[in-house]
2 protein chains.
Amino acid sequence: MITMKDIAERAKVSIATVSYVLNESGNVGEDTKKKVLEVIKELNYRPNLIAKSLKMKKTNTIGVIVEDITVFNAPNIIDGINENAEKLGLSILLTNMRLEKRVSNNQNDPDLVKQIIKKIMDELVSKKVDGIIYVGLHPRDVTESIPETDIPILFTYCYTKNQEHCSINYNDEQAAYEATNYFVSKGHKKIALISGHIDSMSSHSRYSGYYKSIKKHNLLFNPTYIKTGDWRFDSGYSLTKELLETKDLPTAILAMNDQMAIGAIRACNDLGYRVPDDISIIGFDNREFGAYYSPKLTTMSLPLRRMGLLAIETINHLISGSPTDCNKLKTTLSCELIERDSVCPPNGLS
Amino acid sequence: MITMKDIAERAKVSIATVSYVLNESGNVGEDTKKKVLEVIKELNYRPNLIAKSLKMKKTNTIGVIVEDITVFNAPNIIDGINENAEKLGLSILLTNMRLEKRVSNNQNDPDLVKQIIKKIMDELVSKKVDGIIYVGLHPRDVTESIPETDIPILFTYCYTKNQEHCSINYNDEQAAYEATNYFVSKGHKKIALISGHIDSMSSHSRYSGYYKSIKKHNLLFNPTYIKTGDWRFDSGYSLTKELLETKDLPTAILAMNDQMAIGAIRACNDLGYRVPDDISIIGFDNREFGAYYSPKLTTMSLPLRRMGLLAIETINHLISGSPTDCNKLKTTLSCELIERDSVCPPNGLS
DNA sequence: TTGTATGCGTTATCAA
DNA sequence: TTGATAACGCATACAA
């Protein structure tokens, strides 16, 4: 291994001088500088960042803890993190908790999860990462699972009650509000909602957004149009069937994720309704399969990459100890409607 | 920050002794050991792995270079890598090249790619990773893009001509062979093939597998049943239309990926053929959308997680310098057919 | 402008 | 069984 010492000897200068030219610190004479640079190139020298980190007490490395990398949100968030990490000169130490697999094996033991996280965070502390980004599985409160730590930590796709912690999420309420507004703009007045789990934060926020839009446009709020599913295809399917058996048919259905939206389309088809001609449908999440379905699903896309971009940028500020402008901040980014083929104006019947 | 020095002072022993109890090296008296352990717990000491790495010339960290993490193969490969990394006590330093985005911006400049990789690998050298796993975008030869390096490196989801390099891939030929056999086992004799790009390694291997199966079962090889697409939905769609316009209709279609398979189903439907009753279809890749389609797509799943598991295990052997049993090895793992609803026996017409 | 010397937090050699 | 001390490769205060 080539070290600064080797360079120094070969260039007949001191180690300090080598360090000066490498870091462009100090005032080094033009000719010695040139000489040193030559030798560096000649020996193909690569600085030892481990040694540098030890000395500087800074690794320029961010620990990224992902609850489950195989879940749809993770890759794009990580992609965003990577993009800005490169710009900022930061490295990413990735830990994948593989929560879904673990939790399905062992029962959903909250203490177990806490232990796993504790172990991972201890490891990151030992590795001397400058900061931590925690990427959740779905938007929820993880306060109970997170141990105390001195390292700056930031949460995305989840949040904590801890006022000291930053988090970056998307705006569920705005998203549902705009999706509902879109239906209204197309002329729909009877808009049904297929919700996710009732204990989900997202479900509540999206319901709010829906309700806000209904009220704002002075539409009739019809409680029988509100159905609660479990995020899965089957619940979208069966709840839509229920919806289609009521006397006063809705002309549009907002499903809180794409699986349930696809289930809804299937139910419509099976009962002889066409989408979008008879019933318009909007999903949530902009999953890949929506683009391949027939009709192509109109859906609300999540700002995953932007969340990643902002996450690493913010943690970098946190590390640099810049003003509190980003400290203790709970940020929400807005979603964007992807217009495809599952929505059109309601037909003459309604 | 708490260091071994702090522990030593507090426990009234030397730094060396602390090191001994931490690493269970040396012979430490029971009572001093107990005392030291107490202080360690009391002060919540965490070893500084940066210092340790510097001293030991070993980081227990693997650099993982992913050509594009947003592509469907990456998350599961990484998941496998993570699973075994944890077991082996290795950390993962992740670099995402974001090739798809970069390459679409700048034209597909091979030198540019080489430069990017060079830069990333230099960075990993500086970070003193013990080994590198390179995860490709699709199965192809990357020899030209990879600079020389002293660090053990292993390729997965791609390969090099370099005999010194290990690679881990899946067996395309076997996969296509088994998919075709499956059609035959259901009674199909007229089996069409929608291939991917002709310049793709996968396309060739899969074609071989298909051909082998046709020959083995003494079926007529009909060249008009072979169509070459471009991996995309649209090509699956239009090529299937061509197939359905021939006089001698096939009863089954093997598409080399799920997009083209879905395109094929759509084409069948649009021309009034039912899947699987009239035409059976098998896809490739086991993409998520196949499970949500109607009918649910029968498809060949890739052993992505197992590739990741094996990759990190192998690189660990390489690092440990164990015998050459895994050195210079080109491994292929087998694929597995996911039986769903897009295949059934051919109807009476055939 | 350049060089000497010290320390970052470890491990490990050698002596006690 | 324990302790003093020299590295590991680098940055930097201070001296020259």
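Proteins get letters first, then strands, A, B, ... in listed order; numbering begins at 1 in each.
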Closest to the B:Met56 side chain: C:dG9, C:dT11, D:dT12?
C:dT11
Taking atom types as they are modelled, would you say the side chain of B:Lys55 forms a donor-acceptor pair with the base of D:dA7 within the 3.5 Å cutoff?
yes
Report the nucleotide, chosen from C:dT2, D:dC10, C:dT11, that has the shortest atom-to-atom distance to any side-chain atom of A:Thr32.
C:dT2
Atom NZ of B:Lys34 and atom C1' of D:dT1 are separated, to the nearest Å, by 18 Å
Identify, between B:Asp31 and B:Leu54, the residue whose nearest nucleotide on DNA chain D lies closer to the 5' end.
B:Asp31
State which of D:dC10, C:dT11, C:dA12 makes the closest approach to the side chain of B:Ala16.
C:dA12
Quick one: the side chain of B:Tyr20 and the base of C:dT10, do they pair up donor-acceptor inside 3.5 Å?
no
Whether A:Tyr45 contacts D:dC10 is assessed here as follows: a side-chain N or O lying under 4.0 Å from the phosphate OP1 or OP2. Is that the case?
yes
Measure NZ/B:Lys5 against C1'/C:dT10 and give the value in whole Å, please.
13 Å
Would you mind reading off the distance between B:Lys127 atom NZ and D:dC10 atom P, rounded to a whole angstrom?
14 Å
What does B:Met4 touch in the nucleic acid at a heavy-atom separation under 4.0 angstrom: a base, only the sugar-phosphate, or nothing?
base
Base, sugar-phosphate, or nothing for A:Lys57, non-hydrogen atoms under 4.0 angstrom?
sugar-phosphate
Could you give the distance from CD1 (A:Ile319) to CG (A:Leu88), rounded to the nearest 0.5 Å?
9.5 Å
Rounding to a whole Å, what distance do you find between A:Asn23:CG and D:dG9:P?
17 Å
Interatomic distance where NZ belongs to B:Lys128 and C1' belongs to D:dG9 [whole Å]
9 Å
Taking any heavy-atom pair under 4.0 Å as a contact, classify B:Ser53: base, sugar-phosphate, or nothing.
nothing
Counting only heavy atoms not in A:Asn44, do more than 12 fall under 6.0 Å of its CG?
yes
A:Ser14 vs C:dG3: side-chain N/O to OP1/OP2 distance below 4.0 Å
yes
Let me spell it out: for each of A:Asn27 and A:Ile15, pick the nucleotide of DNA chain C with the closest heavy atom. Which residue's pick is nearer the 5' end?
A:Asn27
For B:Glu24 and C:dA12, give me the distance from atom CD to atom P, rounded to whole Å.
14 Å
No-hydrogen, no-angle side-chain donor-acceptor test under 3.5 Å, B:Thr61 and A:Lys127
yes
Salt bridge B:Lys35-B:Asp31, side-chain N to carboxylate O under 4.0 Å
no
Can you tell me if A:Lys52 touches the phosphate of D:dA11, counting only side-chain N or O atoms and a distance under 4.0 Å to OP1 or OP2?
yes
With a non-hydrogen cut-off below 4.0 angstrom, is A:Ser19 in contact with a base, only sugar-phosphate, or nothing?
base
So A:His165 and A:Phe155, would you call those rings parallel, tilted or perpendicular, with 30° and 60° as cut-offs?
tilted
Tell me whether the OP1 or OP2 atom of C:dG3 has a side-chain N or O from A:Thr17 closer than 4.0 Å.
yes
Could you tell me whether the phosphate oxygens of C:dC8, OP1 or OP2, come under 4.0 Å of any side-chain nitrogen or oxygen in B:Asn48?
no
Give the rounded distance in Å between these two atoms: CD1 of B:Ile50 and C1' of C:dT10.
12 Å
In whole Å, I'd like the distance from the CZ atom of B:Arg46 to the C1' atom of C:dT10.
17 Å
Validation row, ring centre A:Tyr170 to ring centre A:Tyr157 under 6.0 Å:
yes
